[in-house]
Amino acid sequence: MAKNTTGNEPQIPEKFLKPYNPQETEEAIYARWEDSGFFNPDNLPERHNVPYCIIMPPPNANGRLHAGHGLDMALKDIAIRFERMRGKKTLFLPGADHAGFETQVVYEKKLEKEGRSRFNMEPKELYDEIYEFTLENKKLMEDDIRRLGTSCDWSREKFTLDPDVILRVQKTFVEMYDDGLIYRGKQTVNWCPKHQTSLSDVETESNEETTPFYHFKYGPFEIGTVRPETKFGDKYVVMHPDDARYEKYKHGEQIEVEWINGPITATIIKDEAVDPEFGTGVMTITPWHSQVDFEIAKRHDLDIEQIIDWRGKLLPIAQEFEGMKIADAREKIVEKLEAKGLLVRVDKDYKNVVKRCYKCQSMIEPQVKDQWFVKMQPLAEKVIDAVEKEDLIEIMPEHQRRILLHWMHNTIDWNISRQIIWGIRIPAWFRDGEAYVGMEEPQGEGWQADFDTFDTWFSSGQWPLVTLGYPDGKDFKTYYPTNLMETGADLVFKWVPRMIMFGLYLAKEVPFKTVYFHGMVNDANNQKMSKSKGNVISPIDLTQKYGVDALRMALVVGNPAGSNVPLSEEKVKGYKHFANKLWNVTRFILIHAEVHTGSNSKTLYTKKDEELLDEVSSLSEEITKDLELHRYYLAAEKIYHYVWHRLADEILEESKQIFEEGSEEEIASRKRALYEMLLVNLKLLHPFMPFVTEEIWSDLPKKDTDLLMISEWPAH
RNA sequence: GGGCGGCUAGCUCAGCUGGUUAGAGCGUCGCAUUGACAUUGCGGAGGUCACAGGUUCAAGUCCUGUGCCGCCCACCA
């Protein structure tokens with residue numbers, strides 16, 4: 001108990017005599033919340049009757065959380081805690097993503113370190129190892145989510161490889177196939193020669209690079225290329241049909257030209273894809289290794305030949321260059337053409353856009369491959385109708401709406417086949433060029449199962465549906481469409497439109513009413529965090545140093561929708577000070593409340609104190625409004641400002657004077673008012689700083705609920 | 001090539017539908033302070049709101065243009 005030196009000192013809980021120490025309390029508080037059962041909406045008291053649901057974007061189950069997750073979890077948890085206290089029946093549904101390609105890449109790096117390779121492993125062996133690895137990491141990831149104070153219902157947690165999820169995803173594929181929305185086709189795909197898989201466009205990075213641009217003599221023409229190594233099969237020479245310079249050459253005409261490995265017969269093709277303004281207005285084509293060329297070849301029914309194999313080495317067509325890697329072959333081929341007098345000139349500082357694998361930076365090799373494609377146009381149209389015409393989804397910040405729509409207006413068919421083991425199997429079988437799609441293996445001999453797995457976004461696109469148990473689940477009926485989808489701005493392409501698409505296709509309803517995009521969490525200088533720059537800040541380290549509440553405040557204050565937030569240790573430290581300030585405010589109020597509590601509990605408030613209480617009420621209303629409008633950054637700043645600079649700096653200071661010189665009525669009124677103000681402030685702060693507020697609450701002598709987490713919000 | 005942002009105090013940024021002398025945090029300078037506060041308080045300095053036009057009784061805020069910075073998308077070989 002408190003030191004009792006004069007005999008008049010108050011009896012306040014001893015813990016308030018020391019500074020607030022988050023490390024000593026956070027774990028126990030989270031356990032209390034979890035044990036209370038109130039994370040599960042089914043256990044909430046009766047007043048919580050209107051459903052409110054947020055589905056957690058499942059973090060990748062292949063490692064710890066990063067600072068971005070910290071913001072992600074904080075914003076959602078603020079919304080959920082606010083709505084829970086307001087009496088909503090709140091479901092915050094957590095999950096974990098197997099993260100197909102991402103995880104496989106992480107695991108391959110691990111194998112590499114051990115001197116192993118996935119290419120020497122049985123598929124089943126590899127799958128089982130990654131599965132085990134993922135389960136281990138999933139636990140760590142979940143610990144981190146708990147650590148951040150996230151009030152989600154763990155009893156409903158979903159993993160993207162849960163059997164029911166797999167089943168649903170496969171069923172969707174079959175249904176879409178039956179509806180004509182999925183087809184198998186030979187198309188140019190983005191092939192990563194290192195990872196041995198095709199990638200979607202969002203899994204590649206396009207950067208402008210300086211590459212030598214070679215000009216060669218090709219019969220009577222001059223052609224340009226940055227990729228001489230693909231030119232072996234070039235037997236078509238293409239020009240624009242209206243190009244007057246080449247009028248005398250007729251479409252389909254054949255000419256003999258001297259080329260890399262001797263004379264070949266070239267065919268003249270006229271096609272409007274050629275830009276007469278670029279170079280000489282003449283090009284040769286390599287349909288297997290270029291999307292544009294492939295399209296031209298298809299239009300004119302030309303031969304299509306593979307030049308580079310799946311590992312990035314030249315095929316027998318290259319004759320003496322067979323088996324060489326691209327980089328080596330390029331040089332040698334140019335030398336040979338030069339020796340033959342066919343090299344006209346080289347532009348050394350030519351700039352062009354090079355596509356690379358977003359994970360390993362290998363140059364993407366366009367390859368032609370049989371893959372499953374989603375026909376995007378009919379699906380995108382539904383999204384456009386829902387978002388643009390019917391305005392069924394509020395998107396924050398507003399400009400992301402335009403970006404999303406722009407993407408939906410310009411979408412191309414989506415390759416969903418991945419040549420990796422770590423994912424959900426595509427339910428298809430092949431026999432003699434015939435394909436069968438269905439949930440069960442077809443009858444008959446000789447069917448070969450498709451080895452490929454789904455692009456991870458094909459399954460996570462259905463996340464709001466599968467987590468709630470579409471189509472028959474009780475939760476689906478209660479919580480779909482969900483209220484808020486809060487996620488990173490980078491997912492405006494990858495994820496959000498796909499969820500809307502699948503939601504409209506399967507459930508005929510948008511999956512969420514509001515989308516809130518947050519920006520990136522950068523370092524203190526607002527530079528992107530990256531391992532190579534060495535400026536990565538671990539959220540968990542920060543919580544250990546300063547407490548979770550401080551981290552949450554630092555991430556949220558001054559961070560409106562869509563903007564990037566610089567995270568500095570100084571800022572986090574500042575909010576640790578704030579937690580302690582609140583702690584001491586409580587101490588002050590408890591001391592005086594205890595000293596002055598007497599028989600006159602019926603004393604009315606003085607006019608002055610009524611005004612103070614009114615002021616808190618209007619603050620509550622303002623903050624409620626801000627939270628309703630998802631202005632978390634403003635709400636957090638306002639309550640911070642009030643507690644520190646109004647309550648502590650002014651009201652408490654003034655109270656000291658009243659306690660010294662005021663009348664008995666004034667003193668009694670003030671001490672009651674202060675206690676009221678403390679209660680309201682703790683409630684207003686709780687969504688932002690759940691731990692310190694709950695910890696204080698647990699020692700208050702008088703309150704409306706045992707746990708602050710489910711106490712009643714002070715405004716409507 | 002197309003799209004989207006940003007430009008407000010030394011730094012990081014707020015400023016919602018246009019409305020008094022433009023705000024916060026950090027930093028800085030001065031003063032006070034052993035206290036409810038290890039982590040405190042009070043006060044000060046510091047801004048032609050990127051630039052140029054326009055609309056308006058009124059513009060940081062709306063419109064047009066310019067400049068610089070950043071991000072995203074893109075199949076000119």
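Numbers restart at 1 for each chain; the letters A, B, ... are given by sequence-line order, proteins then strands.
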Would you measure the distance from the [atom1] atom in [N] across to the matching atom in [M] and give it in whole Å?
{"N": "rU34(B)", "M": "rG60(B)", "atom1": "C1'", "answer": "45 Å"}
{"N": "rG18(B)", "M": "rG27(B)", "atom1": "C1'", "answer": "33 Å"}
{"N": "rC68(B)", "M": "rG43(B)", "atom1": "P", "answer": "44 Å"}
{"N": "rG46(B)", "M": "rG54(B)", "atom1": "C1'", "answer": "32 Å"}
{"N": "rU33(B)", "M": "rA45(B)", "atom1": "C1'", "answer": "23 Å"}
{"N": "rA59(B)", "M": "rG15(B)", "atom1": "C1'", "answer": "14 Å"}
{"N": "rC11(B)", "M": "rU28(B)", "atom1": "P", "answer": "15 Å"}
{"N": "rA52(B)", "M": "rU61(B)", "atom1": "P", "answer": "13 Å"}

Counting only side-chain heavy atoms from C-beta out, which of [options] sits nearest to [X]?
{"X": "D649(A)", "options": "rC16(B), rU12(B), rC42(B)", "answer": "rC42(B)"}
{"X": "K581(A)", "options": "rG41(B), rA14(B), rU12(B)", "answer": "rG41(B)"}
{"X": "S563(A)", "options": "rA14(B), rU39(B), rA36(B)", "answer": "rA14(B)"}
{"X": "A648(A)", "options": "rA14(B), rC13(B), rA36(B)", "answer": "rA36(B)"}
{"X": "N584(A)", "options": "rU12(B), rG5(B), rA36(B)", "answer": "rA36(B)"}

Test salt bridge (charged side-chain N to carboxylate O under 4.0 Å, His left out) on R672(A) and D609(A) and set out the steps.
CA-CA 9 Å; R672(A) 295 179 61 208; D609(A) 288 343; over 6 Å; no
What is the distance from [atom1] of [X] to [atom2] of [N], rounded to the nearest Å?
{"X": "D626(A)", "N": "rG15(B)", "atom1": "CG", "atom2": "P", "answer": "11 Å"}
{"X": "N410(A)", "N": "rC4(B)", "atom1": "CG", "atom2": "P", "answer": "12 Å"}
{"X": "Y20(A)", "N": "rA38(B)", "atom1": "OH", "atom2": "C1'", "answer": "17 Å"}
{"X": "Q400(A)", "N": "rG5(B)", "atom1": "CD", "atom2": "P", "answer": "9 Å"}
{"X": "K656(A)", "N": "rU33(B)", "atom1": "NZ", "atom2": "P", "answer": "14 Å"}
{"X": "I658(A)", "N": "rA36(B)", "atom1": "CD1", "atom2": "C1'", "answer": "16 Å"}
{"X": "L652(A)", "N": "rA36(B)", "atom1": "CG", "atom2": "P", "answer": "10 Å"}
{"X": "M396(A)", "N": "rC16(B)", "atom1": "CE", "atom2": "P", "answer": "14 Å"}

Name the nucleic acid region contacted by [X], choosing base, sugar-phosphate or nothing; use a 4.0 angstrom heavy-atom cut-off, strictly under.
{"X": "P19(A)", "result": "base"}
{"X": "I285(A)", "result": "nothing"}
{"X": "F294(A)", "result": "nothing"}
{"X": "P397(A)", "result": "nothing"}

Check whether any side-chain N or O of [X] sits under 4.0 Å from OP1 or OP2 of [N], and answer yes or no.
{"X": "R402(A)", "N": "rG5(B)", "value": "yes"}
{"X": "N580(A)", "N": "rA38(B)", "value": "yes"}
{"X": "W644(A)", "N": "rU40(B)", "value": "no"}

Are [X] and [Y] close enough that their ring centers fall under 6.0 Å?
{"X": "Y546(A)", "Y": "Y575(A)", "result": "no"}
{"X": "F294(A)", "Y": "W288(A)", "result": "no"}
{"X": "W583(A)", "Y": "F16(A)", "result": "yes"}

Letter by letter from the 5' end, nucleotides 70-77 of chain B scores (B base, S sugar-phosphate only, - none; protein heavy atoms under 4.0 Å) --S-BBBB
Go along nucleotides 18-32 of chain B 5' to 3' and tag each nucleotide: B for a protein heavy atom under 4.0 Å from its base, S when only backbone or sugar atoms are that close, - otherwise.
------SS-------
Determine yes or no for a side-chain-to-main-chain donor-acceptor pair under 3.5 angstrom, with H289(A) supplying the side chain and I308(A) the backbone.
yes
Using modelled atom types only, decide if a donor and an acceptor are shared between the side chain of S568(A) and the backbone of K571(A) within a distance under 3.5 Å.
yes
Just to verify, what does E486(A) make a side-chain hydrogen bond (donor to acceptor under 3.5 Å, both in side chains) with, not counting sequence neighbours?
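Residues passing side-chain hydrogen bond (donor to acceptor under 3.5 Å, both in side chains) with E486(A): K76(A), H518(A).
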Given the ring of W414(A), does R498(A) sit roughly above its face, with NZ or CZ under 6.0 Å from the centre of the six-membered ring and within 45° of the axis?
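Yes, cation above the ring, under 6.0 Å and within 45°.
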In which stems does RNA chain B show up, taking only runs of three or more Watson-Crick or G-U wobble pairs whose two distances fall under 3.5 Å?
B:1-7 with B:67-73, B:10-13 with B:23-26, B:28-32 with B:40-44, B:50-54 with B:62-66
Does anything in residues 551-562 of chain A pair up under salt bridge (charged side-chain N to carboxylate O under 4.0 Å, His left out), and if so which pairs, sequence neighbours excluded?
D77(A)-R552(A)
Please list all pairs meeting side-chain hydrogen bond (donor to acceptor under 3.5 Å, both in side chains) that have one or both residues in residues 624-636 of chain A, counting only residues at least two apart or in different chains.
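Every pair satisfying side-chain hydrogen bond (donor to acceptor under 3.5 Å, both in side chains) with a residue in residues 624-636 of chain A: R86(A)-E628(A), T624(A)-W713(A), D626(A)-R631(A), D626(A)-K638(A), H630(A)-Y632(A).
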Can you say whether the rings of F578(A) and W644(A) are parallel (under 30°), tilted (30 to 60°) or perpendicular (over 60°)?
parallel
Give me the ring orientation class for H592(A) and F588(A): parallel if the planes are under 30° apart, tilted from 30 to 60°, perpendicular past 60°.
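Answer is tilted, since the angle falls between 30° and 60°.
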Check the pair F221(A), Y249(A) against ring-ring contact (aromatic ring centres under 6.0 Å, His included), reporting the backbone distance first and the verdict last.
CA-CA 11 Å; F221(A) 307 107; Y249(A) 299 101; 4.7 Å; yes
Taking everything shown except Q23(A) itself, do over 12 heavy atoms lie less than 6.0 Å from its CD?
yes
